[in-house]
Amino acid sequence: MSIKSRLKHIVALPLFLLAVLAAQFVHVVPTSAATLTWTGGGDGSKFSDAANWSTGQVPVTGDSITFPGIVGTNSLSLQNDLTNVVFSGVQLNQTASSSYGSTNYTISKLTLSDGATIAAGPSVSNAVTPYIGVTDLVANGDLIVNSYMYPSKFTVAGGLILTSSVSFLPGSTISGKISVSNTGLSASSNVTAASYELKSYGSLTFYGAFSSPFTTPISVASGVTKAALSFYSINTYDSQTQTSTYTDKDYTLGSPITLNSDLQVYTDRQVTTRLGGQITLNGHAITKQLGSMGRLFIGDSEVIPETKTTNVTDSNPSASISVAENETTVLDGERSYASVYSGGILKGTGKLDGLYVSRGGIVAPGHSPGTMTIASDVYISGEYQAEVLNKDNYDKLVVGETYSGSGSPVSLDPTSYLNVILPAGYAINQGDQFTIIDNKSNKDVDGIFSGLPEGTQFTVNNVVFNITYKGGDGNDIVLTALNTGKDVSTPNTGAEKLSLVNPVLVAGLGIATAVLLVAVALTRRKTTK
């Protein structure tokens, strides 16, 4: 063997021994890493009790742990009393049960490896669903969460990737960005993060109680759809009157916003939202989300959708339509379903299978006036605008002919509003009846129009109406005129008004005037002779 070869062997041997020695001190996930399922078979609370785990062994670094739903149990408090054990993941499995429910695990602490996932297991019918909340959750790198979590304190060395909602305990810190997709995340002063990134169907939401200044950068990822910022109002609900009271809310967001896809902004009822930070559009747009009822400003400019009218005349019973803010849709064809959002108006004499009118939306059947047919069901939370011209011409919704549900085909939310309009030329006689909703099913109407309980009398122009939700064949919404009234469209000379008030008086005045004129004429004749 040459001297050169001998030297190679002499150098290689110590290097090999050094590598073997170093491996003893470097963390390597054990090849025997296991998945352990909590059974609670031991003392029922401590991680260190091997009898609490399905394998009969205590978890070690690299293991993944699973928590099942436990029938008949709503809350369990567990103590992780293991030292320096880093888990590779957590799974939450539903458990079949004859009754629905959830199991809430509160765990004292968990430390997870880089890239670990807190995941929901397979869906099970009629299941008990487990959730966890961790008092001290530490992730040594990125953390992925796709199962709902109760309030937890997060300390994440990397980024937090969310596909399910989480709730933060005070003092939570995320060193990287929080990425949100397919869920809504509530903005909270309990957490600090480098930034927020919105992906498809991801929303960062602000509720009425949120008042802290918010300046954390927000971005929308490339190639995503329906990323949103959502701002909700403050309201209180009275269960006895079934009404909500809203308080004005003004949000000012100081965050810089960078768009790599379009961004929608939802503003709730009586909400004003102001995006005051630097906006980088990169060729994309910020728009108000369908259903927004509040106001949106970018800087000093208000975002107001363009006014437009859409005519739908063809028959496509498998397609649906949405009517947006500042849009009027005239439906004279056929569609499956229509949603009328705040600021939108639906008109026409067409046919639908179902109709939803949100708060701030308007349905006004016909073409001043006319009938719209909804084969199955209608839900009105907004306004029903009903024009009444005479007993043969008035707005009508014909509803429920094919309805097969267990509820009612006609549902009126406590916020629903009936706006009766008497157009030019109206002529209404006492006793005239107007079936404004013809309920073709055998189900009663569910709910009432706001302020109009059964039998209420109300006045429009000079006509007094009575409303019933039990009219027609027993379940129609019918208005009955309690007096006669009509639109006087001829010019007002004064004489017509007077004759309408007292025709006898006018006739008497006419005779007196004629006598006076004759007397004047005779006097003049005598004077000229």
Looking only at non-hydrogen atoms, find the nearest pair between Leu92 and Ser147 and report the distance. CD1-OG, 3.3 Å

Test your reading of the model: is there a side-chain donor-acceptor pair from Asp413 to the backbone of Ile380, 3.5 Å cut-off? no

Can you name the nearest heavy-atom pair linking Val224 to Leu198, along with the distance? CG2-O, 4.2 Å

Would a distance-only check, ignoring hydrogens and angles, find a side-chain to backbone donor-acceptor pair under 3.5 Å from Asn182 to Thr163? no

I'd like to know whether Phe458 forms a side-chain contact (heavy atoms from CB on, under 4.5 Å) with Ile467, so could you lay out the CA-CA distance, the side-chain angles of the two residues, the decisive distance to 0.1 Å, and finally the verdict. CA-CA 8 Å; Phe458 62 96; Ile467 187 171; 4.2 Å; yes

Can you say whether the rings of Tyr379 and Tyr356 are parallel (under 30°), tilted (30 to 60°) or perpendicular (over 60°)? parallel

Give the minimum heavy-atom separation between Ile448 and Ser416, together with the two atoms involved. O-OG, 3.4 Å

Pair Gln79-Ser45, side-chain hydrogen bond (donor to acceptor under 3.5 Å, both in side chains): steps then yes or no: CA-CA 6 Å; Gln79 182 182 356; Ser45 64; 5.4 Å; no

Just checking Asn282: does its CG atom have more than 12 heavy atoms from other residues, nucleotides or ligands closer to it than 6.0 angstrom? yes

With a 4.5 Å limit on heavy-atom distance, are the side chains of Leu352 and Leu331 in contact? yes

Applied to residues 206-232, the side chain to side chain donor-acceptor pair (under 3.5 Å) test, sequence neighbours excluded, yields Ser203-Ser230

How about CD on Glu302, more than 12 heavy atoms from neighbouring residues, nucleotides or ligands closer than 6.0 Å, or not? yes

Aromatic rings Phe231 and Phe206: how do their planes relate, parallel, tilted or perpendicular, breaks at 30° and 60°? parallel

Going by the angle between their ring planes, with limits at 30° and 60°, are Tyr150 and Tyr131 parallel, tilted or perpendicular? perpendicular

Determine, for Arg295 against Asp250, whether the closest basic-nitrogen to carboxylate-oxygen distance falls under 4.0 angstrom. no

Parallel, tilted or perpendicular: which one describes the rings of Tyr105 and Phe67, with boundaries at 30° and 60°? tilted

Counting only N and O atoms by type, is there a donor-acceptor contact under 3.5 Å from the side chain of Thr415 to the main-chain atoms of Ser381? yes

Is Thr280 close to Leu259 at the side-chain level, that is, under 4.5 Å between some pair of heavy atoms? no

Looking at Glu454, I want to see if its CD is surrounded by more than 12 non-hydrogen atoms of other residues, nucleotides or ligands under 6.0 Å. yes

Would you confirm whether Trp53, through its side chain, and Phe47, through its main-chain N or O, come within 3.5 Å as a donor-acceptor pair? yes

Can you find a side-chain donor-acceptor pair between Gln270 and Asp268 that sits under 3.5 Å? no

Would you check if there is a donor-acceptor pair between the side chains of Glu327 and Thr310 at a distance under 3.5 Å? yes

Looking at Lys440, I'd like to know if its NZ atom is crowded, meaning that more than 12 non-hydrogen atoms belonging to other residues, nucleotides or ligands lie closer than 6.0 Å. no

Would you kindly say whether Asp332 and Thr349 are connected by a side-chain donor-acceptor distance under 3.5 Å? yes

Test item: Asp395 side-chain N/O and Gly370 main-chain N/O as donor-acceptor pair under 3.5 Å: yes

Decide whether Ser441 and Asn439 meet the rule of one side-chain donor and one side-chain acceptor closer than 3.5 Å. yes

Lys/Arg cation over aromatic Tyr251: Lys249, 6.0 Å, 45° cone: yes

So, Asp262 side chain and Ala285 main chain: donor-acceptor pair closer than 3.5 Å or not? yes

Please evaluate residues Tyr266 and Met293 with respect to the criterion side-chain contact (heavy atoms from CB on, under 4.5 Å), reporting the C-alpha separation (whole Å), side-chain torsions for both, the decisive distance (0.1 Å), and the verdict. CA-CA 8 Å; Tyr266 173 78; Met293 290 170 279; 3.8 Å; yes

Donor on one side chain, acceptor on other, Ser315 and Glu334, under 3.5 Å: yes

Does any part of the side chain of Val145, heavy atoms only, come nearer than 4.5 Å to the side chain of Leu160, both counted from C-beta? yes

Would you say Pro317 and Ser336 make side-chain contact, with heavy atoms under 4.5 Å? no

Answer yes or no: is there a donor N or O on one side and an acceptor on the other, between the side chain of Asn74 and the main chain of Thr103, under 3.5 Å? no

Over all heavy atoms of both residues, which pair between Glu325 and Ser292 is shortest? Give the atoms and the distance, please. OE1-O, 4.5 Å

For a quick check under 3.5 Å, do Asn316 and Ser318 share a side-chain donor-acceptor pair by atom type? yes

Measure the shortest side-chain to side-chain distance between Val388 and Ile421 over non-hydrogen atoms and say whether it is less than 4.5 angstrom. no

Please step through side-chain hydrogen bond (donor to acceptor under 3.5 Å, both in side chains) for the pair Gln91 and Asn93, ending with a clear verdict. CA-CA 6 Å; Gln91 183 163 305; Asn93 285 344; 2.8 Å; yes

Heavy-atom closest pair (Ser408 atom, Asp446 atom, distance to 0.1 Å) is OG-N, 3.6 Å

Using a 4.5 Å cut-off on heavy atoms from C-beta on, say whether the side chain of Tyr148 contacts that of Thr183. no

May I ask you to decide if Thr267's main-chain N or O and Thr273's side chain share a donor-acceptor pair within less than 3.5 Å? no

Asp353 meets the salt bridge (charged side-chain N to carboxylate O under 4.0 Å, His left out) criterion, sequence neighbours left out, with none

Between Lys396 and Asp476, is a salt bridge (Lys or Arg N to Asp or Glu O under 4.0 Å) present by the stated rule, with each step listed? CA-CA 11 Å; Lys396 178 189 292 188; Asp476 300 330; over 6 Å; no

Assert yes or no for the condition that the ring centre distance of Phe168 to Phe154 is strictly below 6.0 Å. yes

Counting only heavy atoms from other residues, nucleotides and ligands, does the tally under 6.0 Å from NZ of Lys351 exceed 12? no

Where Val86 and Leu112 come nearest, the two heavy atoms and their spacing: CG1-C, 3.6 Å

When you measure from the side chain of Arg269 to the backbone N and O of Ile234, does any donor-acceptor pair fall under 3.5 Å? no

Apply the test side-chain contact (heavy atoms from CB on, under 4.5 Å) to residues Leu397 and Ile374: give CA-CA distance (whole Å), side-chain angles for both, the deciding distance (0.1 Å), then the verdict. CA-CA 7 Å; Leu397 294 175; Ile374 296 96; 3.7 Å; yes

Would you say the side chain of Tyr196 lies within less than 4.5 Å of the side chain of Pro217, judging by non-hydrogen atoms? no

Could you check if a side-chain atom of Leu137 sits within less than 4.5 angstrom of a side-chain atom of Met149, using non-hydrogen atoms only? yes

